[in-house]
Amino acid sequence: MLDFFGSIGSFIMTPLYFAISFVLTSFHTLFGGIFGPASGVAWVLSIIGLTLVIRAALIPLFVKQIKSSRNMQLIQPKVKELQKKYGHDRERLAQETMKLYKDTGTNPFASCLPIILQMPIFLSLFRLIDQAVKNPDKPKGVMTETLNNQFRDAHFLGAKISDTFVNTDDNGVRLLAAILVIAMTATTFLTQRQLMSKNMPADALSGPYAQQQKMLLYVLPVVFAVGGIAFPVGVLFYWTTSNLWTMGQQFYVIRNNPAPGTPAFKAKEERDKAKAARKGLPEPTTGEAESSAVATEVEERPAPRVQPKRQTKAQRQAKKKPGS
Amino acid sequence: MKFLLIGVLRAYRALISPLYGQVCRYHPSCSAYALEAVTEHGAARGVWLSVRRLARCHPWAAGGYDPVPPHRHRPSRTASAAPTPTQGA
């Protein structure tokens with residue numbers, strides 16, 4: 001059983017080791033030329049470069065997500081209607097809202113794919129560092145024994161980047177790990193808070209959902225602290241950079257594609273108005289006006305009547321007594 | 001095996017999932033789906049269903065309401081929506 005999982009694992013991970021170590025060593029050739037191949041700065045910058053390459057490669061997914069959430073503004077009245085109708089029943093509300101997203105082809109969520117893609121990448125970077133420490137003579141991917149030794153012994157700000165908080169006696173490593181944990185917690189916290197305070201309608205901020213979100217803010221530091229003491233400093237640099245990127249991406253979305261009926265949406269309208277005024281253009285039709293026009297249209301349109309289908313007597317009777 | 005998977009999924013939902021907020025384009029979310037699928041259908045079929053669901057959850061998918069399918073062998077309590085061979089017209 002374990003062998004079976006082991007072979008699935010190596011089937012997935014082997015190409016990843018090559019890809020990740022290739023990007024890493026390419027950056028290392030560049031930064032090693034500037035700062036010296038054994039320097040910690042070169043290795044840390046290589047890890048940051050790797051993170052940026054991966055997040056940049058995921059931009060198409062992000063763009064697709066933005067496009068598919070573009071019509072949120074138009075379906076907002078329908079979402080409100082559903083909230084009024086099923087507000088007491090969270091499960092049903094979630095089902096109906098998701099159905100609406102599907103039917104209108106508008107979905108504000110990013111999908112699980114980016115996370116599923118990033119997890120093995122994170123794991124393979126961890127394994128690359130881990131193996132460089134434990135078995136430097138058996139290099140993975142395009143690493144070499146020399147590179148492994150450099151990677152293992154590289155120091156950044158006096159801390160060994162292959163060390164973890166728990167397996168070191170060096171307070172420098174502990175301090176650096178602690179700083180990175182704080183940075184990760186802060187970026188994720190800010191990302192979430194920005195989302196909640198600026199990009200959520202006021203009525204979504206009360207009730208059990210909001211309660212859950214608030215709990216989350218207390219869970220975050222614990223998770224990062226646990227991860228932060230178990231992973232090598234090098235991996236924490238990857239994690240922190242990735243979180244920073246997510247935060248930037250989030251700020252971009254909230255600024256340019258805010259959810260309707262939120263403070264961020266109003267702010268964008270003000271900016272658009274100011275821009276139009278500066279350029280001496282006529283005032284643009286605001287999103288609110290547009291969406292309310294759609295709303296009245298939606299309300300006035302009667303529900304389409306379902307035409308009865310022509311059926312034989314046998315069919316009608318079969319329907320009345322299913323299974324008989 | 002089943003309980004190991006349930007444990008892993010519970011841990012993921014408690015610790016890792018909160019880091020990302022809601023990302024899933026479906027309801028129930030992929031991890032909730034996986035947890036229910038493994039609980040209902042056992043390790044092998046549960047994992048199979050979950051992998052298929054994860055493959056469906058990408059930015060080009062419309063998303064929507066996508067519950068765990070009921071047991072194939074055990075007849076469901078409500079009349080099945082799909083026509084049985086004898087009802088086919």
Side-chain angles (χ1 to χ4, degrees), chain A residues 1 60-69 91 93-116 119 184 188 191-192 195-196 209 212-213 215-220 222-224 226-227 243 246 250 311-312 314-315 318-319 321-324, chain B residues 1-2 4-5 8-34 36 43-44 47-48 50-68 75-89:
Chain A
M1 198 65 168
L61 296 181
F62 169 62
V63 169
K64 178 64 202 166
Q65 182 218 336
I66 296 296
K67 279 191 183 152
S68 75
S69 62
E91 170 65 24
L93 177 63
Q95 288 179 11
E96 295 294 331
T97 312
M98 279 300 187
K99 261 185 208 158
L100 175 68
Y101 290 156
K102 186 185 181 182
D103 294 341
T104 51
T106 296
N107 200 317
F109 298 116
S111 83
C112 304
L113 185 66
I115 295 177
I116 289 291
M119 273 181 183
M184 287 189 293
T188 312
T191 310
Q192 293 280 347
L195 187 70
M196 280 170 64
Y209 177 71
Q212 205 180 329
Q213 289 285 310
M215 273 303 295
L216 212 160
L217 295 178
Y218 298 105
V219 177
L220 282 178
V222 178
V223 175
F224 282 126
V226 170
N243 278 357
T246 306
Q250 173 86 64
Q311 285 174 322
T312 62
Q315 278 174 332
K319 245 191 192 170
K321 290 180 274 178
S324 64
Chain B
M1 192 65 212
K2 179 176 160 179
L4 182 73
L5 283 172
V8 169
L9 284 166
R10 285 245 165 94
Y12 170 83
R13 284 174 60 75
L15 296 175
I16 302 175
S17 185
L19 299 184
Y20 299 103
Q22 172 155 13
V23 295
C24 191
R25 294 169 83 87
Y26 292 96
H27 181 88
S29 72
C30 286
S31 60
Y33 183 98
E36 198 188 329
V47 168
W48 170 238
S50 314
V51 168
R52 284 182 45 189
R53 161 52 106 70
L54 279 172
R56 261 179 276 147
C57 193
H58 52 74
W60 290 269
Y65 177 49
D66 178 30
V68 177
S76 54
R77 272 151 282 147
T78 52
S80 64
T84 55
T86 50
Q87 283 177 322

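Letters go in sequence order (proteins before strands), and every chain restarts at 1.
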At a heavy-atom separation under 4.5 Å, does A:F224 approach chain B through its side chain, its backbone, both, or neither?
-> side chain

Take atom NZ in A:K67; do more than 12 heavy atoms of anything else shown fall under 6.0 Å from it?
-> no

Nearest-0.5 Å distance, OH of residue B:Y65 to CG of residue A:L100 | 16.0 Å

Go through the atoms of A:M119 and report whether side chain, backbone, both or neither lie under 4.5 Å from a heavy atom of chain B.
-> side chain

So which of B:R56, B:H58, B:H27 has the biggest tally of heavy-atom pairs under 4.5 Å with chain A?
-> B:H27

Side chain to side chain contact (heavy atoms under 4.5 Å, CB included) with A:L113: which of B:P59, B:C30, B:C57?
-> B:P59

Would you give the length of the straight line joining atom OH of B:Y26 to atom CE of A:M98, rounded to the nearest 0.5 angstrom?
-> 10.0 Å

Between B:A14 and chain A, which part of the residue has a heavy atom less than 4.5 Å away: side chain, backbone, both or neither?
-> backbone

Does the side chain of B:W60 come within less than 4.5 Å of A:L61's, by heavy atoms?
-> yes

Pairwise distance OG(B:S17) to CD1(A:I115) - rounded to 0.5 angstrom = 7.5 Å

Nearest-0.5 Å distance that lies between atom CZ in B:R25 and atom CD in A:Q65 = 7.0 Å

Looking only at heavy atoms, which two atoms of A:N107 and B:G63 are closest? And how far apart?
-> ND2-CA, 3.8 Å

Bottom line for A:E91: the part with an atom under 4.5 Å from chain B's heavy atoms is both

Among A:V223, A:T97, A:T191, the residue with the most heavy-atom pairs under 4.5 Å to chain B is A:V223

Engaged part of B:L54 at the chain A interface, taking heavy atoms whose separation is under 4.5 Å = side chain

